[in-house]
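For clarity, every value in this text was computed on a predicted model and none was experimentally measured.
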Amino acid sequence: MFKKVSGTVNFPSLEEEILQFWKANRIFEKSLAMREGSPSFVFYEGPPTANGLPHIGHVLARSYKDVIPRYKTMQGYYVPRKAGWDTHGLPVELEVEKELGLSSKRQIEEYGVERFNERCRESVFRYEAEWRRLTERIAFWLDLDNPYITFKDEYIESVWWILRQIWEKGLIYQDYKVVPYCPRCETPLSSHEVALGYQTVKDPSVYVRMRVKGQPDTSFLVWTTTPWTLPSNVALAVHPDVTYALVQQGEEKLILAKDLLGEALTGPFHILEERKGQDLVGWEYEPLFTFFQPDKKGWYVLPADFVTTTEGTGIVHLAPAYGAEDMEMGRRYDLPFFHPVDPAGRFSEEVPPWKGLFVKDADPKIIEDLRRRGLLYRAETYEHTYPFCWRCDTPLLYYAKSTWFIAMTKVKDRLLAANETINWIPEHIKEGRFGEWLRNVVDWALSRDRYWGTPLPIWICASCGHRHCVGSIRELKEMAIRMPEHFELHRPYVDEVVLRCPRCGGEMRRVPEVIDVWFDSGAMPVAQWHYPFENVEEFQKTFPADYICEGIDQTRGWFYSLLAISVLLFDQTCYRNCISLELVLDAQGQKMSKSKGNVIDPWSILNVQGADALRWYFFTASPPGIPKRLSPEAVTDVLRRFLLTLWNVYVFFVTYAVVDGFVPTGDAPPVAKRPLLDRWLLSRLHLLVQEVTEDMDRYDVTSAGRAIERFVDDLSNWYVRRGRRRYWKSENDQDKLAAYYTLYEALVTLAKLLAPFIPFTSEALYQNLVRSVDPLSPESVHLTDFPKADPTMINRDLLEVMESTRHLVSLGRAARNRAGLKVRQPLQRAVVLTKDARLLQEPELLALISDELNVKEVKIVEDLTPFVRYEIRPRFDILGPKYAGRLPEVIAALRATDPLAVTHALTHEGRVILETREGPVTLFPDEVEVRIEGREGYVAESEGGDVVVLQTQLTPDLIEEGMARELVHQIQQLRKEAGFEVADRIRLFYQGDGRVDEVIRKHFGYIAQETLAVEIREGVEGAEVTKRLDVDGYEVLVGVARIT
RNA sequence: GGGCCCUUAGCUCAGGUGGUGAGAGCGCACCCCUGAUAAGGGUGAGGUCCGUGGUUCGAGUCCACGAGGGCCCA
């Protein structure tokens, strides 16, 4: 027997109970064990860093990460879900620095790298408990007890192995390169890290005079937004094909691109001369500063294609130490090189006036200096986007720096080929954002001049300079001359390992760098198994992944590092399907941020609306690639519209099943023998199962969810509404049994369909609907198989004809509304014209229409002429292709003809011939649409070939019937006001004017039946409650008394 | 400056391959129902489909240009 369920449900507390149930009965573990040996479906968890709190965006990602594995498990796959933690890198070091009050690398080294790294190791699991609490609360099933952890020696050893493979392919190299560099962290950043930190800022925008040598009144006008690079200027670049102008302005002459005269110059000027950039090449100019003595020729004009005339002056200043293009020009033309900035971003003693000053802070002083010396033409501020350190928010500098690289440009084609094999959701990511990124791939700046990270396993011989990349701990030990007592694969311990040079026998020492933390996470397909040192089979079985899912910000992060490493190692992708999620925004569409104060705490929703409501919102509000605007109201809306509707149907079913003692353990009536409404619902249900399966197989979670929403709406607002009386009638007949079984099957199937999406509510339904009556059934809905659609149950005819019926009902209601005739007032007749001839075959549908519209009879006719007038409209979709350019003419002819005649001809002859200037044209019935208006005494509504005409005339009998229904309605209200139970029998009293009395006497039986009155008496003596009622303008005093 | 995405009702979103009174839910107004009831249903009002050109007999849909927003890259 089912447990009675309350209509008022508190989802959060329901969810807490179910969490207890899952935990106590180890349901997650069982869901895995059950599928062991079945085909695998591989999911990779992108590792978060647990030194920060999880936010609402993580809830979105974790919901999406969860729904697919749950679905696949129910489809029969074995889906292990190993958790992972990203534990290295700058974010961690930064937290620790803050705690310890350190602010530079020097201070870290004074504090001690050993102690510092120990603190890092401790800090990375600071919020692990909070991550676990949230992960569990939102029902993200993940094996949190056996995670991969990137700081473990086993993990690092695998990473070393990977690096060794890449090294052997000759793809790791060291070079001076201008790299984005964080002066606070004192380390270069990789391009994908740079991509994480662009901000809009105001920088200086200065126009500087560089005086042409020997012509003190003539200057090149040069524009820059980084004045601090000017002391390092060694050359100028112009585009050889651009036209430059020499202009006179006051006493001086200026040279700049002709196209930029208007923007760059202030005040009046006139052009003296024009020439191509090519002609300026070789011109020399006076250095702005004289801080260093060049060893090579500098300060002259060079040609370069990268010069543009979109902003500035068309003349670019070159400082090889501070720009990638500058560096390349410096190499090509052998320019002097001047790099007077220290690792912390401060001017060195080579620039005495600003020594020790952070370069950006020196900008105003440099501008002032130029102004004083008359070299400044203009200085303003300029708003643009500029990269900042993604963790510490310091503006990055572009620096020439010795760095280790992986030559990604050499495998670009392989990256692109691998990308072709990935199914991206949304699809445009493949060729769009990700494809663009890969097409513009640059070499991976791998090394970091930091402490807490995977050490770069490269040792260099002090004697012969030989370099060796170590690929395992064993190899390290074999080659070691000296090992520290305590040993692990971190600094400072590895730094103390000295190796014997295999070439000359000399001593090899490790390079000081650690590697980019993104390499760690990208290595997880291999390193999570400590492959190839262990678990060879596990690795092979779980490579590549079938499914990964993260935020779109990981396009250049984890999505890239995963693909990069797997292409470098195996020349293929390591993930086949990838859902890339857009951001969660606030209700106004603004990005959530602490500074704006618009951050939504996940718990504020989980504790009020619950996890299922939030999950459902995330799945259905918009597709994964479209940003989600989140607000508590929006989640409440989902709760009411979907979850509560579902819950109400469930409560309805259980309530009556308990009253009737229904248990679904006997023989269900054969579907073919069930009433039409049941067969319709089952068709609808199996079609739904089919749709949801197809959608989920395509990873289209949103469409699947929306399809279920539509079904639940139909279930509640059509099937249950239409079928209510079948459950509460007193006979226990076949019809009632069919009703119970059908609704039961629908609810149980829904519980399973919904299990991946809303694991809690579906579990609650399942436990009561299935487990309570069948002890042999699986212990949890999550241990069941996903429903399979039975195509033989899908009767498309029936689905369509029900649609027609509902459409006719809707038209009839619209007609009633327009005529001002409430549904309680019975009408004699509805006349229906429909193209759907199948309707005639189904008396149950006609009965349904008459019931919904409260009419005595529904008459289906082929000719509406007695009831309506016509208007003819052309069907452009059919006539368009047929007549093309002649269409306007045909339409004119149609409009010029009498509609009734056209209708008549179409109905009786099957066509109508119209006269046009170019001769006769024949139209057929399906080429026009007939619009309709009711004649006197009728009201009509029509749409798409369906017409419903209501006869509006009321007879005295109809009016009395209407009054009887009105009376019943009001008596029911009175029963409720009197506090009676729905099943209480009553004695009914009345006393009124003759009109109502008459109605009561006439409709005695009907009124008694509807109000559960066993007796109706004139006079109110003995009534518990009385009330004066107004029934369509007639007064009556009514009383009720409960019979005990 | 470039790339990708977005712009449809007050709000959140649907609108394969172009077909002519543009849809849903929420909100609003009016009405209905009342044995799922601190629920439910119906009807209606509400839209320059971001703009401008173009292709076409016909454009929310295709093309071009432009505007605004978001993300990303220079």
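Computed from coordinates, the A:Phe619 CZ to B:U12 P distance equals 22 Å when rounded to whole Å. Taking atom CD1 of residue A:Ile849 and atom P of nucleotide B:G42, one finds them 16 Å apart after rounding to whole Å. Residue A:Glu633 contributes atom CD, which lies 13 Å from atom P of B:G27 at whole-angstrom precision. Protein atom CG of A:Asn854 is 16 Å distant from nucleotide atom C1' of B:C31, rounded to whole Å. If you take CH2 of A:Trp424 and P of B:C4, they are 16 Å apart, rounded to a whole angstrom.
B:C50 and B:A22 have their P atoms separated by 15 Å, with the value rounded to a whole Å. Taking atom C1' in both B:U37 and B:G44, one finds a spacing of 25 Å when rounded to whole Å.
Taking the side chain of A:Asn717 as heavy atoms from C-beta on, and the options B:C6, B:C72, B:G41, the nearest nucleotide is B:G41. When distances run from any side-chain atom of A:Glu436 to the nucleotides B:G35, B:G3, B:G41, the shortest one goes to B:G3. Between B:G41, B:G35, B:C13, one nucleotide has an atom nearer to the side chain of A:Tyr656 than all others, and that is B:G35. Comparing atom distances between the A:Arg706 side chain and each of B:G40, B:C13, B:G35 picks out B:C13 as nearest. Closest to the side chain of A:Arg813, from the set B:A36, B:G41, B:G3, is B:G41.
Each of A:Glu582 and A:Gln1009 was assigned the nucleotide of RNA chain B with the nearest heavy atom; the assignment lying further toward the 5' end belongs to A:Gln1009. Taking for each of A:Gly625 and A:Gln825 the nucleotide of RNA chain B with the nearest heavy atom, the 5'-most of the two is the partner of A:Gly625.
Using modelled atom types and a 3.5 Å distance limit, the side chains of A:Thr409 and A:Asp443 yield a donor-acceptor pair.
With its ring centre under 5.5 Å from that of the base six-membered ring and a plane angle below 30°, A:His969 counts as stacked on B:U34.
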Could you check A:Tyr650 against A:Asn768 for side-chain hydrogen bond (donor to acceptor under 3.5 Å, both in side chains), going step by step and ending with a plain yes or no?
CA-CA 10 Å; A:Tyr650 161 65; A:Asn768 195 21; 2.9 Å; yes
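Across all strands, A:Ser810 comes closer than 4.0 Å only to sugar-phosphate atoms, never to a base (heavy-atom distances).
Salt bridge A:Arg816/A:Glu852: absent, no basic N to carboxylate O contact under 4.0 Å. A salt bridge links A:Arg722 to A:Asp851: one of the charged nitrogens lies within less than 4.0 Å of a carboxylate oxygen.
Checked by distance alone, A:Arg433 brings a side-chain donor or acceptor within 3.5 Å of a matching partner on the base of B:C71.
The main-chain N or O of A:Pro623 is found under 3.5 Å from a side-chain atom of A:Lys628 such that the two form a donor-acceptor pair. Put simply, the side chain of A:Arg433 never gets that close to the backbone of A:Ile552: no donor and acceptor are under 3.5 Å apart. The closest donor-acceptor contact from the side chain of A:Glu550 to the backbone of A:Gln554 lies at 3.5 Å or more, if one exists at all. Of the possible donor and acceptor atoms, none in the side chain of A:Thr226 sits under 3.5 Å from a partner among the backbone N and O of A:Thr229. In this structure a side-chain-to-backbone donor-acceptor pair under 3.5 Å is missing from A:Arg813 to A:Leu853.
Looking at A:Tyr740, A:Phe653, A:Phe662 one by one, the single match for ring pair (Phe, Tyr, Trp, His ring centres under 6.0 Å) with A:Tyr727 turns out to be A:Tyr740.
Between B:A36 and A:Arg724, a contact under 4.0 Å exists linking OP1 or OP2 to a side-chain N or O. For the OP1/OP2 pair of B:U12 and a distance below 4.0 Å, the side-chain nitrogens and oxygens of A:Ser622 include no atom meeting the criterion.
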Symbol by symbol from the 5' end, with Watson-Crick or G-U pairs under 3.5 Å, [ ] crossing and | another strand, RNA chain B is (((((((..((((.....[...)))).(((((.......))))).....(((((..]....)))))))))))).
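Applying a 4.0 Å cut-off to non-hydrogen atoms, the residues of residues 637-649 of chain A that approach RNA chain B are A:Asp637, A:Arg641, A:Asn648, A:Val649, listed by residue number.
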